[in-house]
Student: 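Once you've had a glance at the structure underneath, I'll fire off some questions.
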Amino acid sequence: KHRRRAYGSVPITGYDRFVLNRGSELSHTINGNIFKINSGVVVLQGYESELDSNGWELDVGSTSRYYSVYYEVNLATQTTAIKSLYYSSDYPDIPASDDLTQSANGIAYLLLYQFRVVNI
């Protein structure tokens with residue numbers, strides 16, 4: 001589902017986003033309590049992950065909360081992932097990123113979505 005690849009020998013910074021015209025460009029859908037990021041490719045400091053047609057899903061339940069959904073590249077474990085945080089009173093901040101060109105074991109983060117679930 002996720003794949004890590006560097007563009008050239010040095011990760012490129014300043015191009016942290018989804019790739020145009022690939023899959024559904026990380027668009028989202030909501031079906032009941034399920035928030036889904038659809039297919040596409042995300043790039044962070046030159047490292048890329050592709051979400052296939054299954055995308056990524058989060059069950060947000062029915063409790064009122066503020067969500068931040070983000071992409072993580074972890075060079076120490078050689079993994080990438082999409083993760084989420086939530087708070088009850090405000091949007092949570094995602095962690096600060098390392099510069100992956102300077103830290104061989106660094107971790108970088110890219111905010112993908114912020115949204116609020118309201119229980120009415």
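The first residue in the sequence is number 1, and the count goes up from there.
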Student: Show your reasoning for whether side-chain contact (heavy atoms from CB on, under 4.5 Å) applies to Tyr86 and Val60.
Tutor: CA-CA 10 Å; Tyr86 65 84; Val60 297; over 6 Å; no

Student: Quick one: OH on Tyr91 to CD on Gln114, what's the gap to the nearest 0.5 Å?
Tutor: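 Nearest 0.5 Å value for the OH-CD distance: 6.5 Å.
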
Student: Would Leu44 and Leu100 show up in the same hydrophobic cluster when neighbours are defined by side-chain heavy atoms closer than 4.5 Å?
Tutor: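 Yes, one cluster joins them.
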
Student: Checking Trp56 side chain against Lys36 main chain: does a donor-acceptor pair fall under 3.5 Å?
Tutor: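 Not confirmed, Trp56 side chain does not pair with Lys36 backbone.
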
Student: Between Ser68 and Pro92, what is the shortest heavy-atom contact and its length?
Tutor: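 Distance-wise, the nearest heavy atoms are OG-O, 2.7 Å.
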
Student: Give the cluster check for Val73 versus Leu26: same hydrophobic cluster or not, with ILVMFWY residues linked at side-chain heavy-atom distances below 4.5 Å.
Tutor: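 Both belong to a single hydrophobic cluster.
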
Student: Consider only side-chain N and O atoms of Thr101 and Asp99, and report whether a donor and an acceptor are under 3.5 Å apart.
Tutor: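 The criterion, which ignores hydrogens and geometry beyond distance, is satisfied for Asp99 and Thr101.
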
Student: Supply the atom-to-atom distance Leu112 CG to Tyr70 OH, rounded to the nearest 0.5 angstrom.
Tutor: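 OH of Tyr70 is found 10.5 Å from CG of Leu112.
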
Student: Kindly compute the distance separating CD1 (Ile107) from OG1 (Thr80), expressed to the nearest 0.5 Å.
Tutor: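 So the gap between those two atoms works out to 12.5 Å.
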
Student: Run the ring pair (Phe, Tyr, Trp, His ring centres under 6.0 Å) test against Phe35 and tell me which residues pass, sequence neighbours left out.
Tutor: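 Ring pair (Phe, Tyr, Trp, His ring centres under 6.0 Å) check on Phe35 returns His28, Tyr113, Phe115.
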
Student: Hydrophobic cluster membership, with links at side-chain heavy-atom distances under 4.5 Å among I/L/V/M/F/W/Y: are Leu85 and Val118 in one?
Tutor: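 No, no single cluster joins them.
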
Student: Determine whether the side chains of Tyr71 and Ser49 contain a donor N or O and an acceptor N or O closer than 3.5 Å.
Tutor: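 Short answer, yes.
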
Student: State, with a plain yes or no, whether a side-chain heavy atom of Asp59 is found less than 4.5 Å away from one of Asn33.
Tutor: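 Yes, at least one pair of side-chain atoms sits under 4.5 Å.
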
Student: Answer yes or no: does atom CG of Asn31 have more than 12 heavy-atom neighbours from other residues, nucleotides or ligands under 6.0 Å?
Tutor: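 12 or below, so no.
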
Student: Is the backbone of Ser24 close enough, under 3.5 Å, to the side chain of Ser39 for a donor and an acceptor to pair up by distance?
Tutor: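 Yes, the answer is positive, given that a donor and an acceptor are paired below the 3.5 Å cut-off.
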
Student: Is it the case that the side chain of Tyr87 and the backbone of Arg65 share a donor-acceptor pair, with hydrogens and angles ignored and the cut-off at 3.5 Å?
Tutor: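 No; zero donor-acceptor contacts below 3.5 Å.
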
Student: Please report the interatomic distance CD(Glu72) to NZ(Lys83), rounded to the nearest 0.5 Å.
Tutor: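 These two atoms lie 3.5 Å from each other.
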
Student: Where do Val43 and Val19 come nearest, in terms of heavy atoms and distance?
Tutor: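 Distance-wise, the nearest heavy atoms are CG2-CG2, 3.7 Å.
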
Student: How long is the span from the OG atom in Ser64 to the CG atom in Asn119, to the nearest 0.5 Å?
Tutor: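 That separation rounds to 5.0 Å.
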
Student: With rounding to the nearest 0.5 angstrom, report the CD1 to CG distance, Ile37 to Leu58.
Tutor: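 Ile37 CD1 to Leu58 CG: 8.5 Å, rounded to 0.5 Å.
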
Student: Can you tell me if Asn74 uses its side chain to pair, donor with acceptor, with the backbone of Ala76 under 3.5 Å?
Tutor: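 Flag set: sc Asn74 to bb Ala76 pair under 3.5 Å.
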
Student: Considering non-hydrogen atoms only, spot the tightest contact between Ser97 and Gln45 and give its length.
Tutor: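 In this case the closest contact between Ser97 and Gln45 is CB-NE2, 4.3 Å.
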
Student: Does one hydrophobic cluster hold both Ile82 and Tyr109, with members joined at side-chain heavy-atom distances below 4.5 Å?
Tutor: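 In one cluster: no.
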
Student: Are Tyr66 and Leu111 linked, directly or through other ILVMFWY residues, by side chains that come within less than 4.5 angstrom of each other?
Tutor: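 Looking at the clustering, Leu111 is in a separate group from Tyr66.
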
Student: Tell me yes or no: between the side chains of Ser27 and Asn38, is some donor less than 3.5 Å from an acceptor?
Tutor: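 Per modelled atom types, Ser27 and Asn38 side chains form a pair under 3.5 Å.
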
